[in-house]
Amino acid sequence: MRELPPDQPPNQPPPPRATPHPARRRRALAVAVLAALALAAAGCGKEGSPPAKGPRPEALPHYRVVQGFDLPKSATWRKAKRRGRLVVGAKEDQPYVGEKDPATGRYSGFDIEIAKMMAASLGFDPRRISFRTVASANRETALQNGQIDYYVGTYTINDLRKRQVGFAGPYYEAGQSLLVRDEEDDIHGPDDLAGRKVCSAAGSTPLQRIEADYPKADPVSYDAYSICVDNLLTYQVDAVTTDDTILMGYAAKAPDELKLAGRPFSKEPYGIGVPRSDNALRLALDDAIEAHQKNGDWKKAYDATLGLSGVPAPKPPAVDRYAAG
Ligand code: GLU
């Protein structure tokens, strides 16, 4: 990327310099970090700087598209077949997990790879997926209204949600954790959040857990975690809480400014959301998850995406083919 020309015309004297006020300096730093995060997301860096870490296209596996696949009992699959495309819900601001490149509109990350594996097993070329960003709070409605065929986006399986949607999986198990500024010394776990502002996404299990189990904390919520991270960098909140997978991605993109604090304090098994009545689709996706774990695609996809934030591939959890009530 080319350097922008200086604001001042070349022959004018430079503006007077003063030692910036600490708060202003912190703000300037935060602005610089936010710009760096945005550049990293856009896949470009300053000339001469190391390339932004991100999935290298050549490291990503190719998934074998099952020919002649048929799933007549799934209304969702039949509709997608007629349309000639799958419409998949995802996240767009979660580095290494589900991220949209603002320049190209392309989605990447571990969840995106899972979505592609599923497409291949359902007989669709992964290039025939249209991804749609759906925030945590809107997932159930998007599936119930038929706006998406399935959803892959750090979506925790739980009994409450199972009353509204179906879940294939789990395909990964995360845990709730905390992200703080690098200089923060007083937050080591959720018990240290008393009187502190903690940010999370509306409609997420981590926000619900803070509200229910840590009543002394001061929760703040937005639609997306990236807004929480902006708020953390600009000193509006003291911590961001959600799954370690998501927080590790933000920390890896700004290692001098952000760090994870303490250990995970919940279990977040990730499922693929499907319309609740479509058991045929749910069970076909369960089969697909197992097949891609066995043939090595799952591990290759993890290594090329989420693995870049520093944690080696864990053993994937066992798929749960539950009986729909
Ligand atoms: N896994 C948690 C959830 O499903 C947090 C991540 C998210 O909001 O997507 O609520």
Side-chain angles (χ1 to χ4, degrees), residues 88-100 107-115 131-144 147-148 150-179 190 193 198-214 217 219-232 237 239-251 260 263-274 276 289 302 305-306 309 311 314 316-317 320:
V88 176
K91 292 290 185 69
E92 68 170 35
D93 66 337
Q94 301 181 174
Y96 306 120
V97 192
E99 196 173 18
K100 183 175 167 184
Y107 287 72
S108 65
F110 183 57
D111 279 340
I112 304 305
E113 291 308 305
I114 295 286
F131 284 102
R132 300 262 183 280
T133 299
V134 179
S136 298
N138 303 331
R139 295 181 279 211
E140 290 80 28
T141 332
L143 285 166
Q144 285 164 343
Q147 289 158 323
I148 53 175
Y150 55 89
Y151 185 91
V152 195
T154 58
Y155 198 9
T156 295
I157 304 171
N158 66 28
D159 288 342
L160 197 69
R161 288 176 177 168
K162 272 188 192 165
R163 288 193 215 144
Q164 302 177 67
V165 300
F167 284 107
Y171 63 89
Y172 184 86
E173 189 171 278
Q176 182 169 356
S177 204
L178 297 170
L179 184 74
L193 292 172
V198 56
C199 191
S200 196
S204 71
T205 49
L207 178 68
Q208 286 154 11
R209 188 166 294 104
I210 293 293
E211 288 170 344
D213 299 348
Y214 303 94
V220 179
S221 66
Y222 292 98
D223 275 354
Y225 295 108
S226 49
I227 306 174
C228 285
V229 175
D230 290 356
N231 275 262
L232 180 62
V237 299
V240 177
T241 189
T242 185
D243 304 338
D244 49 2
T245 41
I246 302 172
L247 299 180
M248 276 172 350
Y250 290 121
L260 268 76
R263 309 212 41 82
F265 51 97
S266 77
K267 287 197 158 78
E268 308 290 330
Y270 287 170
I272 300 171
V274 297
R276 189 172 189 277
I289 293 170
Y302 179 94
T305 55
L306 201 44
S309 55
V311 177
D320 174 20

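In this text the structure is predicted, and so the values were computed from the model without any measurement. Scope of the values below: all heavy atoms of this structure, side chains included, with no hydrogens, waters or symmetry mates. One-based numbering, in listed order, for ligands and for the atoms of each.
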Taking all non-hydrogen atoms of both residues into account, name the closest pair between S200 and L207 and its distance. OG-N, 3.8 Å

Could you list which atoms of ligand 1 come closer than 4.0 Å to a heavy atom of K91? 7 (C), 8 (O), 9 (O)

F110 and Y302: aromatic ring centres closer than 6.0 Å? yes

Residue portion contacting ligand 1 (non-hydrogen atoms closer than 4.0 Å) for D243: side chain

Closest heavy-atom pair, A142 versus V134, reported as atoms and distance to 0.1 Å, is CB-CG1, 4.1 Å

Suppose we screen for side-chain hydrogen bond (donor to acceptor under 3.5 Å, both in side chains). Which residues come up paired with Y171, at least two apart in sequence or across chains? D111

Any idea which atoms of ligand 1 are less than 4.0 Å away from a heavy-atom of R139? 3 (C), 4 (O), 7 (C), 8 (O), 9 (O), 10 (O)

Looking only at distances, can you tell me whether any N or O atom of T156, backbone or side chain, sits closer than 3.5 Å to an N or O atom of ligand 1? yes

Shortest non-hydrogen contact between Y96 and G249, atoms and distance: CD1-CA, 3.7 Å

Using distance alone, determine whether Y270 and ligand 1 share an N or O pair under 3.5 Å. no

Any N/O pair Q94/ligand 1 closer than 3.5 Å: no

Short list, please: which atoms of ligand 1 are under 4.0 Å from a heavy atom of S136? 7 (C), 8 (O), 9 (O)

Please confirm whether the backbone N or O of S136 pairs with a side-chain atom of R139, one donor and one acceptor, at under 3.5 Å? yes

Do Y225 and ligand 1 have an N or O pair less than 3.5 Å apart? yes

Please could you name the atoms of ligand 1 that G153 approaches to less than 4.0 Å, counting only its heavy atoms? 9 (O)

Does V220 form a side-chain contact (heavy atoms from CB on, under 4.5 Å) with N231? I'd like the steps, not just the answer. CA-CA 10 Å; V220 179; N231 275 262; 5.9 Å; no

Within-shell test, Q208 vs ligand 1, heavy atom, strictly < 4.0 Å: no

Before giving the answer on side-chain contact (heavy atoms from CB on, under 4.5 Å), spell out for Y214 and L193 the whole-Å C-alpha distance, their side-chain angles and the decisive distance to 0.1 Å. CA-CA 8 Å; Y214 303 94; L193 292 172; 5.6 Å; no

Tell me whether ligand 1 is touched by I246 - counting only heavy atoms on the residue side and a distance under 4.0 Å. yes

Taking atom types as modelled, is there a side-chain donor on Y270 or T245 under 3.5 Å from an acceptor on the other? yes

Where's the contact between P206 and ligand 1, heavy-atom distance under 4.0 Å: side chain, backbone, both or neither? side chain

Structural part of T242 in contact with ligand 1, heavy atom criterion under 4.0 angstrom: side chain

Near Y155 (heavy-atom distance under 4.0 Å), the atoms of ligand 1 are 4 (O)

Do L260 and Y250 have side chains that approach each other closer than 4.5 Å (heavy atoms only, starting at C-beta)? no

Out of curiosity, is A201 lining ligand 1, as in a heavy atom under 4.0 Å away? no

Check contact between R161 and ligand 1, using heavy atoms of the residue and a distance below 4.0 angstrom. yes

Heavy-atom pair with the smallest gap, counting every atom of I112 and G98: CG1-CA, 4.2 Å

Going by distance only, is there an N or O of S204 that falls short of 3.5 Å from an N or O of ligand 1? no

Side chain, backbone, both or neither: which part of Q176 comes within less than 4.0 Å of ligand 1 when only heavy atoms are counted? neither

Show your reasoning for whether side-chain contact (heavy atoms from CB on, under 4.5 Å) applies to T241 and F265. CA-CA 11 Å; T241 189; F265 51 97; 4.0 Å; yes

Out of all atoms in ligand 1, which are within 4.0 Å of some heavy atom of T154? Include the element for each. 1 (N), 2 (C), 3 (C), 4 (O), 6 (C), 7 (C), 9 (O)

